[in-house]
Amino acid sequence: MTKRKKAETGRQGKGITRGSGPKIALVTGGGRGIGAAVAVALAGDGFDIWLNFRQDQEAAEQTARNVEKAGRTCRLLRFDVTDPDGAREKLEPLLDRETPFALVNNAGLIRDALMVWMSYEEWKEVLSVNLDGFFHVTKLVLRSMLVQREGRIVNVASTSGLMGLPGQVNYSAAKAGLIGATRTLAREVAGRNVLVNAVAPGFIETAMTGDLPMESILPMIPAGRLGKPEEVAEVVRFLCSDAASYITGQVLSVDGGIYMG
């Protein structure tokens with residue numbers, strides 16, 4: 001049986017990715033924060049979820065329970081997106097049978113420091129998670145999307161990649177690179193009905209912003225508050241929906257007005 005034929009007949013839980021049945025969304029870094037909110041939002045739209053996480057098993061299991069409360073299945077996939085062999089080991093057996101309709105590259109990392117004091121390890125680790133992770137996972141999924149001639153890829157970038165923030169040379173470089181990759185990949189695959197977009201969150205209420213000095217940050221935000229993970233998730237949800245079928249290569253900011261470029 002060919003790989004294509006197997007994909008047409010493969011099943012996961014209640015779903016079939018081709019023909020009838022719910023679609024699948026793969027969300028990286030989905031255990032907490034924005035990734036967890038995205039998983040639950042997409043489940044609300046009828047997607048079964050493949051949820052990637054690296055360390056926090058308890059948080060990932062809680063997200064899975066929330067997905068299941070929405071009436072969908074959730075497959076937990078523990079691997080490090082920076083490890084190509086680990087990603088391949090977890091994803092290839094699934095991709096031989098099924099193809100996600102949506103891939104949300106959400107896995108990210110910050111290691112803030114002024115560049116004069118930034119170590120090479122802090123530079124490299126942030127670029128590896130945010131850029132290498134995008135490459136390893138997307139390359140695995142993309143071939144199947146192109147064969148199927150449909151798909152949505154949403155990359156979670158950052159306002160930092162659009163305007164730059166002091167202390168985030170590594171993070172800004174990584175997210176600006178992700179935005180460039182989004183636009184170029186969108187041009188490469190639009191003819192196969194695979195749409196590629198990015199969302200650029202600003203300051204969102206997650207663990208990544210928990211230790212930031214709010215007294216200096218809030219005056220920067222025209223909306224006067226931090227965003228919520230669910231507000232980012234709704235934009236991702238839209239980009240994965242039929243309503244966004246003529247949108248590709250775009251970056252949608254979810255930042256309360258910090259960046260208005």
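As the structure is a computational prediction, the values presented were derived from the model and not from experiment.
Within the 4.5 Å cutoff, the side chain of Glu231 has no heavy atoms near those of the Val235 side chain. Residues Leu185 and Leu142 have side chains in contact (heavy-atom distance under 4.5 Å, counting atoms from C-beta outward). Put simply, the side chain of Leu91 reaches to within 4.5 Å of the side chain of Phe79, judged on heavy atoms. Between Val38 and Val232 the shortest side-chain heavy-atom distance does not fall below 4.5 Å. Put simply, the side chain of Ile179 does not reach to within 4.5 Å of the side chain of Ser158, judged on heavy atoms. At least one side-chain heavy atom of Leu103 sits less than 4.5 Å from a side-chain heavy atom of Met145. Taking the side chain as every heavy atom from C-beta outward, Arg75 and Leu94 approach each other to under 4.5 Å. Side-chain contact between Val236 and Val27 is absent, with no heavy atoms from C-beta onward closer than 4.5 Å.
No more than 12 heavy-atom neighbours from other residues, nucleotides or ligands sit within 6.0 angstrom of CE on Met115. Counting heavy-atom neighbours within 6.0 Å of Phe238 CZ, excluding the residue itself, gives a total above 12.
In this structure, the side chain of Arg78 engages the main chain of Arg54 through a donor-acceptor pair within 3.5 Å. The backbone N or O of Val156 lies less than 3.5 Å from a partner atom in the side chain of Lys175, making a donor-acceptor pair.
To the nearest 0.5 Å, the span separating CD1 on Ile24 from CH2 on Trp50 amounts to 5.0 Å. Interatomic distance, Leu26 CG to Glu98 CD, rounded to the nearest 0.5 Å: 12.0 Å. Taking OG of Ser144 as the start and CZ of Arg97 as the end, the distance is 12.0 Å to the nearest 0.5 Å. Atom CZ of residue Arg152 and atom CG of residue Asp242 lie 6.5 Å apart, to the nearest 0.5 angstrom. From Asn66, atom CG reaches atom CD1 of Ile49 across 11.5 Å, with rounding to the nearest 0.5 Å. Note that SG of Cys240 and CG of Asp45 are 8.5 Å apart. Values are rounded to the nearest 0.5 Å.
Listed here is the closest heavy atom pair of Ser160 and Gln168: OG-OE1, 3.0 Å. Taking all atoms of both residues into account, the shortest heavy-atom contact from Gly224 to Leu218 is O-CD2, 4.1 Å. For the pair Gly30 and Leu51, the tightest heavy-atom approach, listed with the atom from each and the gap, is O-CD1, 3.4 Å. Considering all non-hydrogen atoms of both residues, Lys228 and Ile204 come closest at C-CG2, 3.6 Å. Heavy-atom minimum distance, Leu165 versus Ser172: N-OG, 3.7 Å. Between Ala198 and Leu239 the shortest heavy-atom distance is O-CD1, 4.4 Å.
Just one residue in the list Asn170, Val129, Thr82, Val81 forms a side chain to side chain contact (heavy atoms under 4.5 Å, CB included) with Leu109, and that residue is Val129. With respect to Thr182, the side chain to side chain donor-acceptor pair (under 3.5 Å) criterion is satisfied by exactly one of Asn105, Asn197, Thr248, Asn155: Asn155.
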Please walk me through it: do Ile247 and Leu195 pass side-chain contact (heavy atoms from CB on, under 4.5 Å)? CA-CA 7 Å; Ile247 299 174; Leu195 308 182; 5.8 Å; no
Candidate pair Lys90 and Asn52, rule side-chain contact (heavy atoms from CB on, under 4.5 Å), full reasoning: CA-CA 10 Å; Lys90 290 290 186 178; Asn52 157 259; over 6 Å; no
For His136 and Leu140, what are the C-alpha separation, side-chain angles and deciding distance, and is it a side-chain contact (heavy atoms from CB on, under 4.5 Å)? CA-CA 7 Å; His136 297 323; Leu140 287 167; 5.7 Å; no
Asp48 vs Thr73, side-chain hydrogen bond (donor to acceptor under 3.5 Å, both in side chains): CA-CA, chis, key distance, verdict: CA-CA 5 Å; Asp48 286 337; Thr73 66; 3.2 Å; yes
Go through Glu61 and Gln57 one step at a time and tell me if the side-chain hydrogen bond (donor to acceptor under 3.5 Å, both in side chains) criterion holds. CA-CA 6 Å; Glu61 289 175 351; Gln57 178 86 29; 3.0 Å; yes
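Annotation: side-chain hydrogen bond (donor to acceptor under 3.5 Å, both in side chains) contacts involving residues 115-126, sequence neighbours excluded, comprise Arg111-Glu125, Ser119-Glu122.
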Can you give each donor-acceptor pair under 3.5 Å made by side-chain atoms of residues 251-261, sequence neighbours left out, with the distance rounded to 0.1 Å?
| residue | atom | partner | partner atom | Å |
| --- | --- | --- | --- | --- |
| Asp255 | OD1 | Gly257 | N | 2.9 |
| Asp255 | OD1 | Ile258 | N | 3.4 |
| Asp255 | OD2 | Thr159 | OG1 | 3.4 |
| Asp255 | OD2 | Tyr259 | N | 3.2 |

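The residues Arg237 and Glu234 are annotated as salt-bridged, a charged nitrogen and a carboxylate oxygen being separated by less than 4.0 angstrom.
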